[in-house]
Asks: 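Have a look at the structure that comes next, please.
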Amino acid sequence: RGGDMTDADFLAMMRHIGLDPTDHDTNELRAAYLRLTDLFAHLETREDRAKAQALPVFDPRKPL
């Protein structure tokens, strides 16, 4: 989960996807990332959270 990610991990992920952390409010981006992470399981299904499947789309948490 995104909440388990360290600050260094998050900054490395930003660089990996082409964002320069010095150009962005990293605290706000990380907060948004955590909110989106919680929503991934609900984007494709109306099933309960326990049964939900995440969308097969670009996921910045995974290598390209």
Side-chain angles (χ1 to χ4, degrees):
R1 269 197 72 191
D4 298 332
M5 181 181 289
T6 66
D7 290 341
D9 291 338
F10 185 75
L11 294 176
M13 181 185 66
M14 285 183 66
R15 289 183 193 98
H16 174 75
I17 62 174
L19 297 175
D20 182 349
T22 60
D23 293 337
H24 302 280
D25 183 336
T26 57
N27 291 327
E28 288 297 318
L29 282 175
R30 186 165 186 192
Y33 172 78
L34 293 173
R35 287 191 300 271
L36 287 171
T37 298
D38 287 341
L39 291 174
F40 277 155
H42 296 285
L43 294 176
E44 186 176 64
T45 181
R46 293 173 192 250
E47 296 290 334
D48 294 334
R49 185 180 291 252
K51 297 178 186 175
Q53 296 294 317
L55 282 172
V57 296
F58 173 71
D59 184 344
R61 298 170 297 177
K62 297 178 183 174
L64 293 175

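We count residues from 1, following the sequence as given.
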Asks: Minimum heavy-atom separation for Pro21 to Leu11, with atom names?
Replies: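 In this case the closest contact between Pro21 and Leu11 is CB-CD2, 3.8 Å.
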Asks: Applying salt bridge (Lys or Arg N to Asp or Glu O under 4.0 Å), which residue pairs with at least one partner in residues 10-24 are found, sequence neighbours left out?
Replies: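 Qualifying pairs: none.
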Asks: Just how far is it from atom CE of Met14 to atom CG of Leu29, taken to the nearest 0.5 Å?
Replies: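 Here the rounded value is 5.0 Å.
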Asks: Which residues pass the side chain to side chain donor-acceptor pair (under 3.5 Å) test with Asp25, not counting sequence neighbours?
Replies: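 In terms of side chain to side chain donor-acceptor pair (under 3.5 Å), with neighbours along the sequence ignored, Asp25 is linked to no residue.
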Asks: Output all residues satisfying salt bridge (Lys or Arg N to Asp or Glu O under 4.0 Å) with Asp9, sequence neighbours left out; order by chain, then residue number.
Replies: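 Result, salt bridge (Lys or Arg N to Asp or Glu O under 4.0 Å) vs Asp9: none returned.
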